[in-house]
Amino acid sequence: MDETSLVAALKRGEEWAFESVVRAYGGRLLAVARRYVGSDDDAHDVVQSSYLSAFKSIDQFEGTAQLGTWLHRIVVNTALMKLRSRRRRPEESIEPLLPSFLEDGHHVEQFAAWTTPVDVLLERGETRQIVRRCIEQLPDTHRTVLMLRDIEERSTQEVAALLSLTATAVKVRLHRARQALSTLLRRELGSGAPDATLRRALASKGER
Amino acid sequence: MTCRELTSFIGDYLARELDADARAAFERHLALCPNCRQYMADYERAIALGQQAYDDPAAQATDVPEELVAAILAARRKG
């Protein structure tokens, strides 16, 4: 089934076409929604209302975009609305994940080179999962900006408009989100990872 | 430029949004400060790993639960 005929069937309102488009893209869209809203329940809500609004506006869908890309954008917009409307406890501060400085402006911490190069890390199946878990730990306000700017590669202006923020606020949040992610990754995969610390301890024992 | 200042400029530096003077000061500090070089390497690695964390959509996609398929189709028929 090619996309053009599927879209045509959707526009004609054929039941099988709706089901087929839910099955074809639903899994991917759930994963996208979950990145923004965190929980499975909220992700289901987001995907459901995204499909419903997509079906309602299918006449506006033009063949120039791909159906998957179009649905993806609807899901991201819907997820952002969900985040905005969600009554939440005040979110955790990102401050503890940011670097600290001495009075003279030097870093408190000494940063060590990572023991395992990135390309080697990426050959391991679990690395992407670890990174995704670290990103999930970022506070909503910062994770959202990181997802939109670095992962979806939207422009600062576009993200500012989507989130009703100034361009400067988007830049500040992106910078802080990257710094926090960097701290989490250093702990999980880099010089601060338990196995790296252990290796250093063993190596220094050997030197004595 | 202190380490604290350099750190606050990393995003702008990578986006090439620093003016020539700030850029030169940034690079002078970086050349002399191994700790900031490492910090910046970690920062750039965080961006790269973040981007690559989602490049295996097949591994992340879950099956659409049947009850979700049914709920969407039922809600659409109701209008």
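Numbered from 1 within each chain, the chains take letters A, B, ... in sequence-line order.
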Counting only heavy atoms closer than 4.5 Å, note whether [X] contacts chain B via side chain, backbone, both or neither.
| X | result |
| --- | --- |
| Phe18(A) | both |
| Ile130(A) | neither |
| Arg35(A) | side chain |

Need one label for [X]: side chain, backbone, both or neither, based on atoms under 4.5 Å from any heavy atom in chain A.
| X | result |
| --- | --- |
| Arg77(B) | side chain |
| Ala71(B) | both |
| Asp63(B) | backbone |
| Glu67(B) | neither |

May I ask you to establish whether Arg186(A) and Trp114(A) are in a cation-pi arrangement, using a distance under 6.0 Å from NZ or CZ to the six-membered ring centre and at most 45° from the ring axis?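 Pair Arg186(A)/Trp114(A) does not count as cation-pi.
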Quick one: which of [options] has the most heavy-atom pairs under 4.5 Å with chain B, could you say?
| options | answer |
| --- | --- |
| Met147(A), Glu153(A), Gln110(A) | Gln110(A) |
| Gln48(A), Arg132(A), Glu152(A) | Arg132(A) |
| Lys56(A), Arg23(A), Glu19(A) | Arg23(A) |

Measure the shortest side-chain to side-chain distance between Arg176(A) and Glu95(A) over non-hydrogen atoms and say whether it is less than 4.5 angstrom.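 When only atoms from C-beta onward are counted, Glu95(A) and Arg176(A) do touch, with a gap below 4.5 Å.
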Find out whether Arg28(A) and Leu71(A) are in side-chain contact, i.e. whether some heavy atom of one side chain is under 4.5 Å from a heavy atom of the other. no
Check [Y] with [X], please: is the shortest side-chain N to carboxylate O separation under 4.0 Å?
| X | Y | answer |
| --- | --- | --- |
| Asp55(B) | Arg128(A) | yes |
| Arg76(B) | Glu15(A) | yes |
| Glu44(B) | Arg178(A) | no |
| Glu27(B) | Arg23(B) | yes |

Residues two or more places apart in sequence or in another chain: which of them pass side chain to side chain donor-acceptor pair (under 3.5 Å) with Ser49(A)? none
Residue-level interface, residues 2-13 of chain B with chain A, non-hydrogen cut-off under 4.5 Å: Thr2(B), Cys3(B), Arg4(B), Thr7(B), Ser8(B), Ile10(B), Gly11(B), Asp12(B)
Classify the side-chain pair [X]/[Y] by whether it contains a donor and acceptor separated by less than 3.5 Å.
| X | Y | value |
| --- | --- | --- |
| His72(A) | Tyr25(A) | no |
| Glu109(A) | Ser100(A) | no |
| Tyr39(B) | Gln179(A) | yes |

